[in-house]
Each structure stands twice: as C-alpha cells, then as structure tokens.
Amino acid sequence: MQKLTTIISTALLAATATFAFGQAHNVSGGYQKPTDPLVIENLEQWQDMKFGLFMHWGTYSQWGIVESWSICPEDEGWTQRKPEHGKTYFEYLKNYENLQTTFNPTDFNPQKWADAAKAAGMKYVVFTTKHHDGFAMFDTKESDYKITSTKTPFSSNPKANVTKEIFNTFRNDGFKIGAYFSKPDWHSEYYWWPYFPPKDRNVNYDPKKYPERWQKFKDFTYNQINELTSEYGQVDILWLDGGQVRPLETVDKSVDWQQTIKVDQNIDMDRIGGMARKNQPGLIVVDRTVPGNWENYVTPEQAIPEHPLDIPWESCITMGDSFSYVPNDNYKPTKKIVETLVKIISRGGNYLLNIAPGPKGDYDQAAYDRLNELSAWMKINQSAVYATRTVAPYHQGDYYYTRSKDSKIVNVFHLSAGDAYQQPNEYVFQVPENFKVKKITILGHKGRLDWSQRDNQITLRSPSTRFNYATAIQLQSK
C-alpha cells in the first residue's frame with residue numbers, strides 16, 4: 001500500500017496560526033485493518049457519525065497558553081514560554097505545575113456543552129483525560145497531580161471528576177465516548193526522571209539502561225488506562241497521543257519529529273490494548289502515527305487530505321486557532337466550518353472539531369454562536385451528511401459528492417468562495433457514472449425544481465429559496 005504520508009499531501013487550514021499554537025501531525029502508513037468483528041462494527045458506526053467534538057482542557061487554560069508544550073525544552077514556535085511566568089526553565093516549570101493549586105472551574109456544566117454539540121449535529125466526543133504535562137482530569141490513583149487532589153481547589157466540587165461528568169452527560173445524550181490519553185507523561189518521574197534534565201519531548205533516560213524504571217512507567221500507563229476503561233462507563237474510543245512513545249523499529253525517519261526518537265520507548269501496546277479491549281469490547285484504539293494493530297483509524301491534524309482515503313480517518317481541527325483556550329481566540333466563521341465538514345466527508349473522513357473550555361469551565365460565547373448557527377444548517381442537511389460514503393468524482397470545481405451506503409442516493413454539495421455563500425443562478429454538475437437520476441431535491445426547499453440532463457451533466461435552476469453556507473442537492477436513482 002502506498003504510504004499515507006505521500007497520499008496525504010495536506011492543505012493546512014490557517015497554517016500560520018496552526019504553527020503558532022501547535023504542530024502539524026504526520027499520518028502513518030501501513031494501515032492494518034482490524035479483524036475483531038466488534039471493532040469493525042464500532043468503526044462502521046463511528047464512520048456513520050461524521051462529526052465529533054474535541055476538547056483540550058487543563059490547568060494551562062488559566063494562562064491562556066498552548067496545552068503542555070511550553071514545558072517541553074524544544075525551541076519551536078509552539079513551545080515558547082512567556083517570561084512573566086518564569087525567568088528560567090525550572091522556575092517556569094515550578095510555576096506551571098503550581099497552576100494545580102489555583103484551578104477552580106466553577107462554571108463547569110457539561111450538559112450545556114452536550115446540548116449545544118448535539119444541536120449542532122455532533123455525534124461523538126473526545127476529551128483530554130490527560131495531556132503531555134501529566135495533569136489528570138480524572139480521579140487517578142496513580143498520581144496526586146490531578147483535578148481531584150486536595151491540592152486542587154475544584155476537588156471539593158461535587159463535579160470534580162470532570163472526565164466522569166463529561167462522559168456520563170454526553171453518553172446519556174447518545175454520543176459515542178472517546179478518551180484522549182497522552183502516552184508520554186512529563187510529570188512522571190518514570191518518564192522524565194528528575195535525576196536528569198528533560199532534553200526534548202522524549203524520555204530523558206535510556207529505557208534499556210534503566211529497565212526497572214521503564215517498567216514502572218509501563219505499569220503506570222497501563223494502570224491509568226485500566227482506570228479509564230473500567231471505572232467510567234462505556235468508552236468507545238481510546239485516542240492515544242504522543243507518538244514518540246513507540247517501539248524504535250516503528251520510527252519513520254522521513255518524518256521530522258520522529259528523527260528525534262533515539263531510544264526504544266515500547267510500552268507494550270499489546271498488553272495495554274488487550275486489557276482495554278477486555279474492559280471495553282469493540283473499543284476503537286487510535287495509537288496515533290504508530291502503524292499496526294492499534295491504530296484503528298488515522299488522524300491528520302489541522303489538515304484535510306487532498307484526495308479520498310480508503311481507510312478510516314479523522315481530521316482534528318480547531319474552531320479557533322489553538323487547541324487550548326486562548327483569550328480572544330480567532331474563531332472560524334460558520335461558513336468555513338460547514339465547508340470543512342463537506343470537504344472531509346466527500347473524501348471519506350470524520351471531522352473532529354476542537355473547542356477549548358476556559359479557566360472558569362465554559363466556552364467563549366463565540367463558540368456557542370457557531371454551534372447555534374451550525375444547528376440550523378445541520379437540521380436541514382443532515383441526511384446528506386450522516387451514514388454517507390465516498391463516490392466518484394468526489395470533487396469537481398465547486399461541487400462535492402457523497403452517497404448513501406446503499407448507493408441509491410447521491411448528495412451533491414455546492415460551495416462558493418468568499419465570506420458569504422453565493423448561490424448560483426444554475427447548478428451545473430456531473431452525475432456519477434452509471435447513476436440513473438429519477439428525482440432531484442434540494443434540502444431545505446419545498447416545491448418543484450426545474451432541471452434537465454444532457455449525457456451525464458445536470459443543469460438545475462436555482463430556486464427562490466435562499467441557502468446559508470452551502471447547498472445540498474440530492475439525486476435519487478431509478
């Protein structure tokens with residue numbers, strides 16, 4: 001199979017902002033299709049859902065900075081430290097970890113999030129239970145660096161175990177539940193051993209030279225994932241980040257960031273994945289960028305593949321410029337979000353849209369405004385979005401195609417350039433090969449349509465109904 005890193009010559013969205021707040025993430029090649037029937041079934045359901053909510057949230061929201069990366073001693077755009085938070089690295093790290101003692105998001109109300117996300121058409125949620133900094137947003141027994149610690153003011157709140165609250169609330173509203181979990185843990189003495197200073201994002205000692213310490217890290221990771229998959233109700237997706245934690249032989253030297261991986265960081269994914277799937281039969285495991293049995297779908301970041309992929313995939317893209325909360329973030333207009341959704345589903349993927357809660361435990365109003373505007377569009381056009389698959393010609397000019405799973409309906413989306421949607425006087429597009437058109441409807445329009453077909457080209461006169469963001473045209477077969 002051709003390497004996905006070459007297939008996905010990505011068109012980055014808001015590239016300058018992306019690199020200011022995070023890094024583009026390469027996609028691994030060598031996809032291995034799962035063989036477990038329950039996993040295959042879960043993946044099929046997940047692919048039907050198309051649209052999910054991602055949430056990066058932690059103590060770092062208090063400073064309005066990038067998630068975790070500022071404590072990583074690498075000289076990159078997304079790791080820069082503000083001098084007011086510490087003049088030296090170690091002073092900064094101490095102050096960063098001390099954010100635990102002031103984290104008190106008393107406005108936290110997951111039902112408000114679930115209501116807005118559900119109305120906007122989202123069907124699953126992925127929440128950062130622990131990012132690279134090691135701060136657990138769940139009640140782990142493995143560390144006191146957690147939201148439920150007595151060191152954290154919010155621990156006295158009845159909703160202190162926010163992971164449990166989020167999972168229960170969204171599950172009750174019919175969402176699939178995804179647990180984001182960082183494999184590296186920059187707070188753990190078994191990953192960044194205090195005997196040595198951290199060098200970069202990688203483990204700061206040689207696991208082969210200190211196998212007992214590495215075994216403790218493997219057990220620590222195993223135990224936390226066991227907690228998440230056995231104590232928090234049904235979990236459908238285990239979304240593992242931090243691809244440097246991997247067997248050395250899986251490193252792809254053609255990928256810049258993987259060139260920094262010099263030692264074997266094998267945490268025994270067969271042991272972890274086997275345990276997690278025993279706890280949660282049918283669990284989708286996403287071991288990002290590590291090809292093999294445990295990367296059940298691939299995850300381009302802040303980008304959309306230019307061409308359809310014939311494997312399960314998901315683009316994780318921010319609503320603002322940053323994955324983490326930043327005051328006065330630049331939220332994408334609803335038209336851009338709709339266009340991104342259309343492009344992703346026409347190429348066979350899912351759209352995981354990130355919204356970052358702030359330090360008080362709520363979204364910016366701008367995020368709710370976008371979700372509310374999305375809800376009106378999704379209410380009209382949902383039948384062209386959910387449970388669809390790719391169909392050639394996929395994309396031609398301003399037109400993007402999906403089909404129903406039984407191939408009896410083809411959906412043709414029309415997009416336009418510019419800040420406002422420009423509805424054409426006539427829609428002119430190609431019909432997929434061997435598709436015999438019986439009936440044409442435009443979602444959101446009631447009444448007859450004037451259309452004609454010549455060879456495989458449809459000409460459809462635009463109705464008097466005005467559409468926002470995009471038009472969805474449905475073709476029914478004979």
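Sequence positions, counted from 1, serve as the residue numbers for this chain.
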Inset, instruction - Work out which heavy atom in Ile261 is nearest to a heavy atom in Gly243; give both atom names and the distance. - result: CD1-O, 4.3 Å

Inset, instruction - Please name all residues satisfying side-chain hydrogen bond (donor to acceptor under 3.5 Å, both in side chains) with Asp236, sequence neighbours left out, ordered by chain then number. - result: Gln234

Legend entry - salt bridge (charged side-chain N to carboxylate O under 4.0 Å, His left out) contacts touching residues 131-141 (sequence neighbours left out): Asp139-Lys146, Lys141-Glu231

Inset, instruction - First locate atom CD1 of Ile237, then atom CD of Gln280, and finally report the distance between them rounded to the nearest 0.5 Å. - result: 11.5 Å

Inset, instruction - Provide the closest heavy-atom pair for Ile355 versus Ala367 in the form atom of the first, atom of the second, distance. - result: CG2-CB, 3.8 Å

Inset, instruction - State whether Lys335 and Glu339 are salt-bridged, where the test is any N-O pair (Lys NZ or Arg NE/NH1/NH2 against Asp/Glu carboxylate O) under 4.0 Å. - result: yes

Inset, instruction - Taking the side chain as every heavy atom from C-beta outward, state whether Gln265 and Tyr191 have any pair of such atoms under 4.5 Å apart. - result: yes

Inset, instruction - State which residue, out of Thr128, Thr129, Asp241, fulfils the side-chain hydrogen bond (donor to acceptor under 3.5 Å, both in side chains) condition with Tyr180. - result: Asp241

Legend entry - Qualifying residues under side-chain hydrogen bond (donor to acceptor under 3.5 Å, both in side chains), relative to Lys262, sequence neighbours excluded: none

Inset, instruction - Using a strict cut-off of less than 4.0 Å between a Lys/Arg side-chain nitrogen and an Asp/Glu carboxylate oxygen, indicate whether Arg389 and Glu44 qualify as a salt bridge. - result: yes

Legend entry - Check ion pair Lys183-Asp287 (N to O, under 4.0 angstrom): yes

Legend entry - Summary of salt bridge (charged side-chain N to carboxylate O under 4.0 Å, His left out) pairs that have at least one residue in residues 113-131, sequence neighbours excluded: Lys130-Asp185

Inset, instruction - Please answer whether the main-chain N or O of Ala384 pairs with a side-chain N or O of Thr402 as donor and acceptor at a distance below 3.5 Å. - result: yes

Inset, instruction - May I have all residue pairs that pass salt bridge (charged side-chain N to carboxylate O under 4.0 Å, His left out) and include part of residues 151-176, sequence neighbours excluded? - result: Asp144-Lys151

Legend entry - Test item: side-chain donor near acceptor, Asp252 and Ser254, under 3.5 Å: yes

Inset, instruction - With sequence neighbours excluded, tell me which residues meet side-chain hydrogen bond (donor to acceptor under 3.5 Å, both in side chains) with Thr390. - result: none

Legend entry - Side-chain donor or acceptor of Asn42 paired with backbone N/O of Leu38 under 3.5 Å: no

Inset, instruction - Determine yes or no for a side-chain-to-main-chain donor-acceptor pair under 3.5 angstrom, with Ser324 supplying the side chain and Ile65 the backbone. - result: yes

Inset, instruction - With sequence neighbours left out, write down each residue that passes ring-ring contact (aromatic ring centres under 6.0 Å, His included) with Trp294, or none if nothing qualifies. - result: none

Legend entry - Ring center gap for Tyr205 and Phe196 short of 6.0 angstrom: no

Inset, instruction - Step through it carefully: locate the ring centre of Trp193, locate the ring centre of Tyr210, and say whether they are under 6.0 Å apart. - result: yes

Legend entry - Closest heavy-atom pair and its distance - Pro291, Gly30: CB-O, 4.0 Å

Inset, instruction - Indicate whether the side chain of Asn279 and that of Asn226 have a donor and an acceptor atom separated by less than 3.5 Å. - result: yes

Inset, instruction - Quick one: list whatever passes ring-ring contact (aromatic ring centres under 6.0 Å, His included) with Phe138, sequence neighbours left out. - result: none

Inset, instruction - With sequence neighbours excluded, give me every salt bridge (charged side-chain N to carboxylate O under 4.0 Å, His left out) pair touching residues 75-98. - result: none

Inset, instruction - Calculate, to the nearest 0.5 Å, the distance between atoms CD1 and OG1 belonging to Ile317 and Thr340 respectively. - result: 5.5 Å

Inset, instruction - Supply the atom-to-atom distance Tyr31 OH to Glu295 CD, rounded to the nearest 0.5 angstrom. - result: 8.5 Å

Inset, instruction - Would you mind reporting whether Leu228 and Val235 have side-chain heavy atoms less than 4.5 Å apart? - result: no

Inset, instruction - Inspect the contact between Glu74 and Arg201 and indicate whether a charged nitrogen and a carboxylate oxygen are less than 4.0 angstrom apart. - result: yes

Inset, instruction - Could you tell me whether a side-chain N or O of Thr221 sits under 3.5 Å from a main-chain N or O of Phe217, the two making a donor and an acceptor? - result: yes

Legend entry - Main-chain N/O of Gln111 paired with Asn109 side-chain donor or acceptor, under 3.5 Å: yes

Inset, instruction - Ignoring hydrogens and angles, tell me if any N or O in the side chain of Arg277 forms a donor-acceptor pair with the backbone of Gly274 under 3.5 Å. - result: no

Legend entry - Contact list for residues 152-174, test ring-ring contact (aromatic ring centres under 6.0 Å, His included), sequence neighbours left out: Phe170-Phe175

Inset, instruction - Determine, for Arg288 against Glu301, whether the closest basic-nitrogen to carboxylate-oxygen distance falls under 4.0 angstrom. - result: yes

Legend entry - Polar contact flag, side-chain donor to acceptor under 3.5 angstrom, Thr152-Gln100: yes

Inset, instruction - Return yes if some donor-acceptor pair links the side-chain N/O of Glu314 with the main-chain N/O of Val298 below 3.5 Å, else return no. - result: no

Legend entry - Listed partners of Tyr60 passing ring-ring contact (aromatic ring centres under 6.0 Å, His included), at least two apart: none

Inset, instruction - Examine distances only and state if a side-chain atom of Ser70 and a backbone atom of Thr79 form a donor-acceptor pair shorter than 3.5 Å. - result: no

Legend entry - Expected output: side-chain Asp264 to main-chain Leu248 donor-acceptor under 3.5 Å: yes

Legend entry - Trp113 ring center within less than 6.0 Å of Trp57 ring center: yes

Inset, instruction - Would you check if the side chain of Asn354 reaches a backbone N or O of Phe323 as a donor-acceptor pair within less than 3.5 Å? - result: yes

Legend entry - Gap between atom CG of Asn202 and atom OG1 of Thr260 - 0.5 Å precision: 4.5 Å

Legend entry - Atom pair OG1 (Thr59) and CD (Glu67), whose distance is rounded to the nearest 0.5 Å: 11.5 Å

Inset, instruction - Could I get the full list of side-chain hydrogen bond (donor to acceptor under 3.5 Å, both in side chains) partners for Gln259, not counting sequence neighbours? - result: none

Inset, instruction - Determine whether the aromatic ring centres of Trp313 and Tyr297 lie less than 6.0 Å apart. - result: no

Legend entry - Trace of the side chain to side chain contact (heavy atoms under 4.5 Å, CB included) decision for Ile345 with Phe51: CA-CA 9 Å; Ile345 66 175; Phe51 194 27; over 6 Å; no

Inset, instruction - Would you please classify the geometry between the Phe54 ring and the His56 ring as parallel, tilted or perpendicular, with 30° and 60° separating the classes? - result: perpendicular

Inset, instruction - Decide whether Ser346 and His395 meet the rule of one side-chain donor and one side-chain acceptor closer than 3.5 Å. - result: no

Legend entry - Aromatic ring proximity, centroids under 6.0 angstrom, Tyr368 and Tyr363: yes

